[in-house]
Trainee: 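Okay, handing you the structure first.
Please read all numbers here as calculations on a predicted model, not as lab measurements. Convention: sequence-line order gives letters A, B, ...; per-chain numbering from 1.
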Number of protein chains: 2
Amino acid sequence: MTRASSRRPGPPTRTERGIPEATVARLPVYLRALTALSDSGIATASSEDLATAAGVNSAKLRKDLSYLGSYGTRGVGYDVEYLRYQIAREIGVTQDWAVVIVGIGNLGHALANYSGFGTRGFRIVALLDADPNLIGERIGDMEVRDFAELEDIVKADRVSIGVITTPAGPAQGVCDRLVAAGVTSILNFAPVVLSVPTGVDIRKVDLSIELQILAYHEQRKSGEAALPQVPELPAMNGLTDLPSVGGGVGA
Amino acid sequence: MTRASSRRPGPPTRTERGIPEATVARLPVYLRALTALSDSGIATASSEDLATAAGVNSAKLRKDLSYLGSYGTRGVGYDVEYLRYQIAREIGVTQDWAVVIVGIGNLGHALANYSGFGTRGFRIVALLDADPNLIGERIGDMEVRDFAELEDIVKADRVSIGVITTPAGPAQGVCDRLVAAGVTSILNFAPVVLSVPTGVDIRKVDLSIELQILAYHEQRKSGEAALPQVPELPAMNGLTDLPSVGGGVGA
DNA sequence: CCGATTTTGTTCTCACGTTCACAAGCTCCT
DNA sequence: AGGAGCTTGTGAACGTGAGAACAAAATCGG
Ligand SMILES: NC(=O)c1ccc[n+]([C@@H]2O[C@H](COP(=O)([O-])OP(=O)(O)OC[C@H]3O[C@@H](n4cnc5c(N)ncnc54)[C@H](O)[C@@H]3O)[C@@H](O)[C@H]2O)c1
Ligand SMILES: NC(=O)c1ccc[n+]([C@@H]2O[C@H](COP(=O)([O-])OP(=O)(O)OC[C@H]3O[C@@H](n4cnc5c(N)ncnc54)[C@H](O)[C@@H]3O)[C@@H](O)[C@H]2O)c1
């Protein structure tokens, strides 16, 4: 009743089944926690248990799960297997997605050798490189193939996800080729900003950036403790600011 | 500089020099963009130029930079070299941070071989592993050393950042050892939630999670287009917003 | 020297995300 | 059966972040 009257559906404006991006990013974490619990033979878990296993607080976890539906039982908790399936279904990893990796250097080799993707909803269908010396090399049960075969492979295997592990220079070109071939999701390790048409999703993993973020916080730690600078915290010395004219009401 | 005198009790109540976390995460991106511009011989850049190079919008970029101070010139733009130095200083990468990598398997090898860290403020001082077969192996100009030497190395080289590339099982144990040895920042690649005492920063890189996030959006794309399910998308008839998963900059 | 032009730095507003707090609902015990 | 004890699901308060818009500074042409 009150809803219909107001044209702006005030608070959430949530599209039907539209799950907030922040929640989407945590679902895989919950999925992993549930898998771990399941492997430990635990059949039921409370939001508190799950939250601990996933490293978040329980209110957030419950709210996140509530976007998927009501899969818990009050007074009891969540059935681990059931919830796991529901999350896997929501993410879309109940069946495998075909993935190509482009650029089989240091990082590409590591990814190709990694067994963890297969068990988490992904199937690497091709390792591609432009270097003739690499083509034909065997890695595990796969063989490095020519990047020129990209279009055929994408078409044949219905590949929708591409991983870019080439140097920064060729990355945009590789990206364009991937998109042109029909790939609509890209995971990029090269330290460049890729531009793609709307409708194509990009995620970037950048280790230098991660380290630099750590460095920022690290610097502040040592700065406060070690450097004999100004004590920082200019407060402490009496004035609680909150000043003069009665502006205090603000906000 | 009239800043210091008046505290606006209004909106942000930002601690002196406290930079929002979202901004901190973008500073390295700006730094990289500036380095690229500098390498191209460009001496001055407007916020629009910089924003394009960094893949963000210019208002956000300007606001981010304003937390560091007023380093631009109205009507002109930013001096590339000067701003680059200021950001590097703010992040704390004007001199190198010592880093150890623990677990020299597939991923550890790739990281050890990577030359990009040295130029971005980090110096890898040791490659550590527990496997006797690996110890002594040379990678580039470094040698894999016994994890047991950790404490000595941390002390000798004042290591504050540790990278964990061991399997999930040993990761928490390795983490505890790192923390006990004095490491206060950790970059974790193992698919587990590590727990650390307060004061220690953790960042996690999880490739499976990245792929699963892509899969979620991928599923919705094909779901909307292909699956003859419920019409879905009751919207389209008004709200144009919809965070548009599209061409967005993923991370 | 002044006004037109450019571009920054900042303010304001809205959207998104997090956390609290609690009613609703389930199980189990008496 | 009924109440005690848990735990979920969610409404509401709060905090943070994004983007539009604009006034304040700087340059440049006349
Ligand atoms: N290795 C790491 O630990 C690490 C860390 C952070 C970032 N990165 C980034 O990841 C990317 C890969 O790093 P790497 O160390 O594996 O580099 P690498 O040089 O070892 O491998 C790059 C591979 O890409 C191939 N390649 C080049 N151009 C290509 C093209 N046009 N089409 C197809 N293949 C092409 C090369 O033949 C090579 O095999 C780089 O952008 C690097 O900056 C790597
Ligand atoms: N390789 C990838 O592409 C990839 C992708 C995603 C996630 N990961 C994760 O990254 C981690 C490393 O992956 P990987 O493929 O390099 O594994 P790996 O098995 O090749 O290497 C692990 C290394 O850790 C060492 N190690 C084990 N226990 C140790 C201990 N207690 N102390 C010191 N060293 C120890 C092992 O000797 C081995 O050399 C894993 O947790 C994996 O799940 C890897």
Trainee: Could you tell me how far apart A/Leu61 (CG) and C/dC20 (P) are, to the nearest whole angstrom?
Mentor: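 These atoms are roughly 14 Å apart.
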Trainee: If you pin A/Ala22 and B/Ser70 to their nearest nucleotides in DNA chain C, which one's is more 5'?
Mentor: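 The residue whose closest nucleotide sits nearer the 5' end is B/Ser70.
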Trainee: Does D/dT7 have OP1 or OP2 sitting under 4.0 Å from an N or O in the side chain of A/Ser46?
Mentor: no
Trainee: Does B/Lys63 make a side-chain donor-acceptor contact with the base of D/dG17, cut-off 3.5 Å?
Mentor: no
Trainee: May I have the distance from A/Tyr78 (atom OH) to D/dT7 (atom C1'), rounded to whole angstrom?
Mentor: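 Atom OH in A/Tyr78 sits about 9 Å away from atom C1' in D/dT7.
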Trainee: Roughly how far apart are B/Ile209 CD1 and B/Ile213 CD1, rounded to 0.5 Å?
Mentor: 7.0 Å
Trainee: Between A/Val76 and A/Ala59, which has a closest nucleotide on DNA chain D that is more 5'?
Mentor: A/Val76
Trainee: Check whether any side-chain heavy atom of A/Ile19 lies under 4.5 Å from a side-chain heavy atom of B/Tyr216, and answer yes or no.
Mentor: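 They are in contact (side-chain heavy atoms under 4.5 Å apart), so the answer is yes.
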Trainee: Grab the CG-P distance between A/Asn57 and D/dT8 for me, whole Å please.
Mentor: 13 Å
Trainee: Measure from CD1 on B/Ile19 to P on D/dG17 and round the result to the nearest Å.
Mentor: 12 Å
Trainee: Side chains of A/Thr23 and A/Asp64: is there a donor and an acceptor less than 3.5 Å apart?
Mentor: yes
Trainee: Ignoring hydrogens, what is the shortest heavy-atom contact between B/Pro28 and A/Gln212? Give both atom names and the distance.
Mentor: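 Scanning both residues, the minimum pair turns out to be CB-OE1, 2.9 Å.
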Trainee: How many Å lie between CZ on A/Arg62 and P on D/dA12, as a whole number?
Mentor: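 Distance check: A/Arg62 CZ to D/dA12 P gives 17 Å.
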Trainee: Between C/dT18, D/dT8, D/dA18, which nucleotide has the shortest distance from any of its atoms to the side chain of B/Arg26?
Mentor: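 That would be D/dA18.
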Trainee: Looking at A/Asp79 and A/Arg84, does any basic side-chain N land under 4.0 Å from a carboxylate oxygen?
Mentor: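 Answer for the salt bridge query: no.
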Trainee: Taking for each residue the nucleotide of DNA chain C with the nearest heavy atom, is it B/Gly77 or A/Thr73 whose nucleotide lies nearer the 5' end?
Mentor: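 The residue whose closest nucleotide sits nearer the 5' end is B/Gly77.
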Trainee: To the nearest angstrom, how far is A/Leu65 atom CG from D/dG9 atom P?
Mentor: 7 Å
Trainee: Separation of A/Glu21 atom CD from D/dT16 atom C1', in whole Å?
Mentor: 17 Å
Trainee: If I take atom CG in residue B/Leu68 and atom P in nucleotide C/dT10, what distance separates them, rounded to the nearest angstrom?
Mentor: 12 Å
Trainee: What about A/Arg74, does its side chain sit under 3.5 Å from the base of D/dT7 through a donor-acceptor pair?
Mentor: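 It does not, because no donor-acceptor pair links the side chain of A/Arg74 to the base of D/dT7 below 3.5 Å.
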